[in-house]
Asker: 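I'd like to ask some things about the structure below.
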Amino acid sequence: MSFFSRLRGWFGQGSGAAEELPWREVLDQLPILQSLAAEEQARLCELAAHLLARKTLTLLGVELAPEERAALALQAALPILHLDLQWYRGFREIIVIPEPVTRRESVQDEFGLVSEVEEEHAGESWQQGPLVLAWSELCQDGGWDGYNLVIHELAHKMDMLGGDADGVPPMRPGMDMGSWRADFQAAFDSLCRQLERDEEPPIDPYAATHPAEFLAVACELFFTRPRQLAAAYPAVHRQLAALFGQDPLPRQPQEEDEDQAGRPHPAERHPPEIL
């Protein structure tokens, strides 16, 4: 039996009751949340509790302590801090697995040649399906290092609210989709040209694999290394600030602006699978 054939309860409704978890204690331990204003912290804890109440959290081969459940929910709630849970209506279940899943896939290169490769998947999203996340990656998140698996995958979910994952989520009132497309396309094209010239890219080169992945990587940077994103693609940063109704840039400590190698990007991150 394959791994994904064992994933059950895709349409679970959640418990409906908010969990009593150590929200404040965990929030104080996650660097990307520590500089939120007091009212924002209270709102984030409330959203995180409602998120766990409304979604089914399925643990396959892994156990999460209350502090770990709280850390997952708080980071998941960060993108919608100034929105609402309707932005997460595209899924009903969060599945946590111990490690990334490896499987063989067919890949076609620029010359049309098809080869079989092994790909690791630390997280996956499907249209109207669950969010699948590897705990070995999740447990490293929460710092100002530019990487955050749950934010990456939730960006795909928000993207899919408009149909196929194409890097263009639904716009909030007052936003212009034409401007969004132009700004993101210009940034995506610029990144691709830099890579073609073998230049050092300003963000993770994985963002150049697909417009949807550019959005997801940009969202990771927006919340966990905003100064890097704003310096590389200021128009993209402004669009994300308008979409999320917040700007993490003032929250990033000055010392975190120093060049860091960071941890490797999970090999999962390729154009998302849509079923």
Asker: Identify whether Phe223 and Leu249 are in the same connected component of the hydrophobic contact network (ILVMFWY, side-chain heavy atoms under 4.5 Å).
Answerer: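 No: no chain of side-chain contacts under 4.5 Å links Phe223 to Leu249.
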
Asker: In Å and rounded to the nearest 0.5 Å, what is the CD1 to OG distance from Ile97 to Ser136?
Answerer: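 If I round to the nearest 0.5 Å, the distance is 8.0 Å.
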
Asker: Can you measure from SG (Cys219) to CD (Glu153) and round to the nearest 0.5 angstrom?
Answerer: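 Rounded to the nearest 0.5 Å, the SG-CD separation comes to 11.5 Å.
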
Asker: Return the minimal non-hydrogen interatomic distance between Ala165 and Ala212, and the atom names on each side.
Answerer: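 Nearest heavy atoms, Ala165 then Ala212: O-CB, 3.7 Å.
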
Asker: Test of understanding: with ring pair (Phe, Tyr, Trp, His ring centres under 6.0 Å), list the residues that count as partners of Trp180, not counting sequence neighbours.
Answerer: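 For Trp180, the residues satisfying ring pair (Phe, Tyr, Trp, His ring centres under 6.0 Å) (neighbours in sequence not counted) are Phe184.
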
Asker: Given the rule in the side chain to side chain contact (heavy atoms under 4.5 Å, CB included) test, do Leu131 and Glu93 qualify, once you have shown the distances and angles that lead to the verdict?
Answerer: CA-CA 6 Å; Leu131 206 63; Glu93 185 175 19; over 6 Å; no

Asker: State, to 0.1 Å, how close Leu83 and Leu243 come at their nearest heavy-atom pair, and which atoms those are.
Answerer: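 So the minimum-distance heavy-atom pair works out to CD2-O, 3.5 Å.
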
Asker: Are Ile95 and Leu133 close enough that some pair of their side-chain heavy atoms sits under 4.5 Å apart?
Answerer: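 The answer is no, as the side chains (C-beta and beyond) never meet within the 4.5 Å cut-off.
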
Asker: In the structure I gave you, are the side-chain heavy atoms of Phe91 and Thr56 within less than 4.5 Å of one another anywhere?
Answerer: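 Not touching, per the 4.5 Å side-chain cut-off.
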
Asker: Show the numbers, then the answer: is there a side chain to side chain contact (heavy atoms under 4.5 Å, CB included) between Leu33 and Gln41?
Answerer: CA-CA 8 Å; Leu33 307 180; Gln41 292 184 350; over 6 Å; no

Asker: Rounded to the nearest 0.5 Å, how far does NE2 of His152 lie from CG of Asn148?
Answerer: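 Here the interatomic distance stands at 10.5 Å.
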
Asker: Testing the basics here: between Leu161 and Pro170, what is the closest heavy-atom pair and its distance to 0.1 Å?
Answerer: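 Heavy atoms of Leu161 and Pro170 come nearest at CB-CG, 3.6 Å.
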
Asker: Taking C-beta and beyond as the side chain, do Cys45 and Leu74 meet within less than 4.5 Å on heavy atoms?
Answerer: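 Of all side-chain heavy-atom pairs linking Leu74 with Cys45, at least one is under 4.5 Å.
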
Asker: Looking at CD of Glu46 and CG of Leu81, how far apart are the two atoms once the value is rounded to the nearest 0.5 Å?
Answerer: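 That separation rounds to 11.0 Å.
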
Asker: Are Asp176 and Met171 close enough, and set up right, to give a side chain to side chain contact (heavy atoms under 4.5 Å, CB included), and what steps lead you there?
Answerer: CA-CA 7 Å; Asp176 179 65; Met171 299 288 101; over 6 Å; no

Asker: Tyr88 ring centre to Lys157 NZ or CZ under 6.0 Å, with the angle to the axis within 45°?
Answerer: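 Verdict for Tyr88: no cation-pi partner in Lys157.
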
Asker: About how many Å separate CZ of Arg43 and CG of Leu36, when rounded to the nearest 0.5 Å?
Answerer: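 So the CG of Leu36 and the CZ of Arg43 are separated by 12.5 Å.
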
Asker: Is there a donor-acceptor pair under 3.5 Å between the side chain of Arg225 and the backbone N or O of Trp144?
Answerer: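 Confirmed, Arg225 side chain pairs with Trp144 backbone.
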
Asker: Using 0.5 Å steps for rounding, measure from the CG atom of Leu78 to the CD1 atom of Ile32.
Answerer: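 It is 5.5 Å, given to the nearest 0.5 Å.
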
Asker: Restricting to non-hydrogen atoms, name the atom on Gln29 and the atom on Gln34 that form the minimum distance, rounded to 0.1 Å.
Answerer: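 The pair with the smallest heavy-atom distance is C-NE2, 3.7 Å.
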
Asker: Do Asp141 and Gln75 meet the criterion of a side-chain donor-acceptor pair at a distance under 3.5 Å?
Answerer: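 Not at all, the side chains of Asp141 and Gln75 share no donor-acceptor pair under 3.5 Å.
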
Asker: Give the minimum heavy-atom separation between Ala73 and Leu51, together with the two atoms involved.
Answerer: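 It is O-CD2, 4.0 Å.
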
Asker: Do the side chains of Ile80 and Leu154 get nearer than 4.5 Å, heavy atoms only?
Answerer: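 Leu154 vs Ile80: side chains apart.
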
Asker: If the test is side chain to side chain contact (heavy atoms under 4.5 Å, CB included), which one of Thr224, Asp204, Val217, Leu221 qualifies with Tyr147?
Answerer: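 In the set Thr224, Asp204, Val217, Leu221, the residue that makes a side chain to side chain contact (heavy atoms under 4.5 Å, CB included) with Tyr147 is Asp204.
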
Asker: Can you find a heavy atom in the side chain of Asp189 that is under 4.5 Å from one in the side chain of Leu191?
Answerer: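 No, their side chains stay 4.5 Å or more apart.
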
Asker: Judged by modelled atom types alone, do Gln239 and Asp183 share a side-chain donor-acceptor pair under 3.5 Å?
Answerer: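 Indeed, the side chains of Gln239 and Asp183 share at least one donor-acceptor pair under 3.5 Å.
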
Asker: Would you check if His156 and Glu213 make a side-chain contact, meaning some heavy-atom pair closer than 4.5 Å?
Answerer: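 The answer is yes; the side chains approach within 4.5 Å.
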
Asker: In terms of heavy-atom contacts, does CD of Glu199 have more than 12 from other residues, nucleotides or ligands at under 6.0 Å?
Answerer: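 More than 12 within 6.0 Å, yes.
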
Asker: Answer yes or no: is there a side-chain heavy-atom contact under 4.5 Å between Pro169 and Leu215?
Answerer: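 Heavy-atom side-chain distance check passes, below 4.5 Å.
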
Asker: Can you find a side-chain donor-acceptor pair between Asp247 and His237 that sits under 3.5 Å?
Answerer: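 His237 and Asp247 do have a side-chain donor-acceptor pair below 3.5 Å.
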
Asker: Are the side chains of Leu21 and Leu52 in contact, using a 4.5 Å heavy-atom criterion?
Answerer: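 Heavy-atom side-chain distance check passes, below 4.5 Å.
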
Asker: Taking only residues two or more places apart in sequence or in another chain, which ones pass side chain to side chain contact (heavy atoms under 4.5 Å, CB included) with Cys139?
Answerer: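 Cys139 satisfies side chain to side chain contact (heavy atoms under 4.5 Å, CB included) with Trp135 only.
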
Asker: Determine whether the aromatic ring centres of Phe214 and Tyr233 lie less than 6.0 Å apart.
Answerer: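 Under 6.0 Å, so yes.
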
Asker: Check step by step if side chain to side chain contact (heavy atoms under 4.5 Å, CB included) holds for Gln254 and Arg227.
Answerer: CA-CA 9 Å; Gln254 195 65 37; Arg227 198 168 292 116; 3.9 Å; yes

Asker: With a 3.5 Å cut-off and no angle check, do the side chains of Gln246 and Arg251 form a donor-acceptor pair?
Answerer: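 Yes.
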
Asker: For Leu195 and Pro205, work out which heavy atoms get closest and say how close.
Answerer: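 Closest approach of Leu195 to Pro205: CD2-CB, 3.8 Å.
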
Asker: Just by distance, do the side chain of Glu196 and the backbone of Arg193 share a donor-acceptor pair under 3.5 Å?
Answerer: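 Side chain of Glu196 to backbone of Arg193: no pair is present.
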
